[in-house]
Amino acid sequence: MRIARFSIDGNVAFGAVEGEGPEGLVLDIIKGIPYADFELSGTKVPLSKVRLLPPVLPNKVVAIGRNYAEHAKELGNEVPEIPVAFFKPTTSVIGSGDAIEYPSFSNELHHEAELAVVIGRMCREVPRERVKDVVFGYTCANDVTARDVQKREKQWARAKGFDTSCPLGPWVETDLDPGDLAIQATVNGEQRQLGRTSDMIRSIEDLVVHITEAMTLLPGDVILTGTPAGVGPLHVGDEVAVTIEGIGTLTNKVIKRG
């Protein structure tokens, strides 16, 4: 099931996305919240009549760096012995169609297409065999990075945590095997990144186990699983799209901040 979060007439709701094709998609409004038992209301609105919002409002986004060997290589880095984890704040999260604001403190903005894992229940110290039980679904993400800032600052908080640096969407797909999905990024229609989730160094099970050894994850929290090779520059006016097989396409335009 595809679960979207949207606004219409000033109201915010979740809905199940039904149909196919840009003109055929409708939202069946959900009663309640999708992390618990819910019912479909039967009230349907065309997707074209609503504004898509970030599909979740995470308490935290835990991101993993250098989880694809070719990406680590293209930036001159070694594959880390343990996962490199960092946070992106909730203020960095935007939805499909929202604008990425080019930060004033950077001159080198990069796209990073990623598969995002959405957590569905509160969990801590999750054993490998229980990982599927705590995952709500999957969505597309763009770990937008101020590469020049990342290079000169030892911590990545500003380089990867600035406002609008974490586009998520367009919705969450709850019924999906994430083991071998095509993932790509295009800029102005030109392909930049193309990889498969099967190329991850560490699997989703590995990452959930590793993260929850240290912290409690809450419903709606997000894990970014790393990016394949091909990262590159974004400029004001560019339109960047992240497409993941079985999920859909996340599209955002880059604008000048302020």
Enquirer: Are the side chains of T225 and T197 in contact, using a 4.5 Å heavy-atom criterion?
Expert: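 Side-chain contact under 4.5 Å: no.
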Enquirer: Would you say V135 and V126 are hydrophobically clustered, going by side-chain heavy atoms of ILVMFWY under 4.5 Å?
Expert: yes
Enquirer: Take atom CD of Q155 as the centre, draw a 6.0 Å sphere, and report whether it contains more than 12 heavy atoms from other residues, nucleotides or ligands.
Expert: no
Enquirer: State, with a plain yes or no, whether a side-chain heavy atom of F162 is found less than 4.5 Å away from one of V149.
Expert: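 No, too far: nothing below the 4.5 Å cut-off.
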Enquirer: Apply side-chain contact (heavy atoms from CB on, under 4.5 Å) to the pair Y102 and V144, showing each step before the final yes or no.
Expert: CA-CA 10 Å; Y102 203 116; V144 184; over 6 Å; no
Enquirer: Are E112 and H71 packed together at the side-chain level, in the sense that at least one heavy-atom pair is separated by less than 4.5 angstrom?
Expert: yes
Enquirer: Just by distance, do the side chain of K88 and the backbone of K160 share a donor-acceptor pair under 3.5 Å?
Expert: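 Yes, because the side chain of K88 sits within donor-acceptor range (under 3.5 Å) of the backbone of K160.
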Enquirer: State, yes or no, whether a side-chain contact exists between V79 and I201 at a heavy-atom distance under 4.5 Å.
Expert: yes
Enquirer: Between the main-chain N or O of D180 and the side-chain N or O of R196, is there a donor-acceptor pair closer than 3.5 Å?
Expert: yes
Enquirer: Give me the atom names and distance for the closest heavy-atom approach of L176 to Y138.
Expert: O-CE1, 3.7 Å
Enquirer: Is the closest side-chain heavy-atom distance between V56 and Y35 below 4.5 Å?
Expert: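 Result yes, sub-4.5 Å side-chain heavy-atom pair found.
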Enquirer: Quick one: does E245's side chain have a donor or acceptor within less than 3.5 Å of a partner on A182's backbone?
Expert: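 Yes.
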Enquirer: Would you say the side-chain atoms of N252 pair up with the backbone N or O of I100, donor to acceptor, closer than 3.5 Å?
Expert: no
Enquirer: Is there side-chain contact between R5 and V12, with heavy atoms separated by less than 4.5 Å?
Expert: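 They are in side-chain contact.
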Enquirer: With rounding to the nearest 0.5 angstrom, report the CZ to CD1 distance, F6 to I29.
Expert: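 Between F6 CZ and I29 CD1, I get 4.5 Å after rounding to 0.5 Å.
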Enquirer: Among the clusters formed by ILVMFWY side chains lying less than 4.5 Å apart, do I33 and V93 turn up in the same one?
Expert: yes
Enquirer: Name all residues meeting the side chain to side chain donor-acceptor pair (under 3.5 Å) criterion together with R124; count only those two or more places apart in sequence or in a different chain, and write none if there are none.
Expert: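 Testing R124 for side chain to side chain donor-acceptor pair (under 3.5 Å), a comparison that skips the adjacent residues, returns none.
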Enquirer: Give a yes or no on whether a salt bridge exists between D206 and R128, defined as a side-chain N under 4.0 angstrom from a carboxylate O.
Expert: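 Between R128 and D206 there is a salt bridge, with a charged N closer than 4.0 Å to a carboxylate O.
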Enquirer: I need the D175 CG to I3 CD1 distance, nearest 0.5 Å.
Expert: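 Atom-to-atom, D175:CG and I3:CD1 are 11.0 Å apart.
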Enquirer: Side-chain heavy atoms under 4.5 angstrom apart, residues restricted to Ile, Leu, Val, Met, Phe, Trp, Tyr: same cluster for L47 and V45?
Expert: yes
Enquirer: May I ask you to check whether over 12 heavy atoms, not counting those of M215, lie within 6.0 Å of atom CE?
Expert: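 More than 12 heavy atoms, drawn from other residues, nucleotides or ligands, come within 6.0 Å of this atom.
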Enquirer: Can you name the closest pair of heavy atoms from V172 and P55 and give their distance?
Expert: CG2-CB, 3.7 Å
Enquirer: For a quick test of reading the model, state the closest non-hydrogen atom pair linking G230 to H111 and the distance between them.
Expert: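 Looks like O-CE1, 3.5 Å.
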Enquirer: Check the pair L234, V187 against side-chain contact (heavy atoms from CB on, under 4.5 Å), reporting the backbone distance first and the verdict last.
Expert: CA-CA 8 Å; L234 292 172; V187 177; 3.8 Å; yes
Enquirer: Please give me the minimum heavy-atom distance between A4 and L52, naming the atom from each residue.
Expert: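 Between these two residues, the closest heavy atoms are CB-CD2, 3.9 Å.
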Enquirer: For P170 and G248, which heavy atoms make the closest approach, and how far apart are they?
Expert: CD-C, 4.3 Å
Enquirer: Without swapping roles, check the side chain of T186 against the backbone of Q184 for a donor-acceptor pair under 3.5 Å.
Expert: no
Enquirer: Honestly curious: do L250 and L115 fall in one hydrophobic cluster under the side-chain, below-4.5 Å linking rule?
Expert: yes
Enquirer: Atom CD of E18 and atom CG of L25: how far apart are they, to the nearest 0.5 Å?
Expert: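 Reported value, rounded in 0.5 Å steps: 10.0 Å.
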Enquirer: Rounded at 0.5 Å granularity, tell me how far OG1 in T227 sits from CD1 in I64.
Expert: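 Going from OG1 on T227 over to CD1 on I64, the span is 13.5 Å.
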Enquirer: Just checking K253: does its NZ atom have more than 12 heavy atoms from other residues, nucleotides or ligands closer to it than 6.0 angstrom?
Expert: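 No, NZ of K253 has 12 or fewer neighbouring heavy atoms, counting only those of other groups under 6.0 Å.
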Enquirer: Check whether any side-chain N or O of T174 sits under 3.5 Å from a backbone N or O of M1 as a donor-acceptor pair, and report yes or no.
Expert: yes
Enquirer: So, using side chain to side chain donor-acceptor pair (under 3.5 Å) as the criterion, who are the partners of E239 when residues are at least two apart?
Expert: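 For E239 there are no side chain to side chain donor-acceptor pair (under 3.5 Å) partners, ignoring immediate neighbours.
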Enquirer: Using atom types as modelled and distance alone, determine if a side-chain donor or acceptor of R147 lies under 3.5 Å from a backbone N or O of S106.
Expert: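 Flag not set: sc R147 to bb S106 has no pair under 3.5 Å.
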Enquirer: Using the rule given for side-chain contact (heavy atoms from CB on, under 4.5 Å), can you reason through V118 versus T139, listing the C-alpha separation, both sets of side-chain angles and the distance that settles it, and then say yes or no?
Expert: CA-CA 7 Å; V118 178; T139 192; 4.2 Å; yes
Enquirer: Any link between V62 and L207 through a network of hydrophobic side chains (Ile, Leu, Val, Met, Phe, Trp, Tyr) touching at under 4.5 Å?
Expert: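 Result: yes, single cluster for both.
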Enquirer: Counting only N and O atoms by type, is there a donor-acceptor contact under 3.5 Å from the side chain of N67 to the main-chain atoms of R202?
Expert: yes
Enquirer: Check this for me: does any side-chain nitrogen of one of D9 and K49 sit under 4.0 Å from a carboxylate oxygen of the other?
Expert: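 Looking at D9 and K49, the cut-off is not met.
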Enquirer: Do E213 side-chain atoms and E125 backbone N/O form a donor-acceptor pair below 3.5 Å?
Expert: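 Not at all, since once roles are kept as given, no pair shorter than 3.5 Å links the two residues.
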Enquirer: Under 3.5 Å, is there a donor-acceptor pair between the side chain of D28 and the main chain of G42?
Expert: yes
Enquirer: Looking at every non-hydrogen atom in both residues, tell me the closest pair between A116 and A141 and how far apart they are.
Expert: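 Heavy atoms of A116 and A141 come nearest at CB-CB, 3.9 Å.
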Enquirer: Determine, stepwise, if the pair T216 / M122 fulfils side-chain contact (heavy atoms from CB on, under 4.5 Å).
Expert: CA-CA 7 Å; T216 299; M122 185 169 69; 3.6 Å; yes
Enquirer: Kindly indicate whether the side chain of V242, heavy atoms from C-beta on, has any atom under 4.5 Å from the side chain of Q193.
Expert: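 No, too far: nothing below the 4.5 Å cut-off.
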Enquirer: Find the distance between NZ (K151) and CD (E153) and round it off to the nearest 0.5 Å.
Expert: 13.5 Å
Enquirer: Looking at CG of L53 and CD1 of I94, how far apart are the two atoms once the value is rounded to the nearest 0.5 Å?
Expert: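 Between L53 CG and I94 CD1, I get 12.0 Å after rounding to 0.5 Å.
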Enquirer: Is there side-chain contact between E173 and R2, with heavy atoms separated by less than 4.5 Å?
Expert: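 E173 reaches R2 side chain to side chain.
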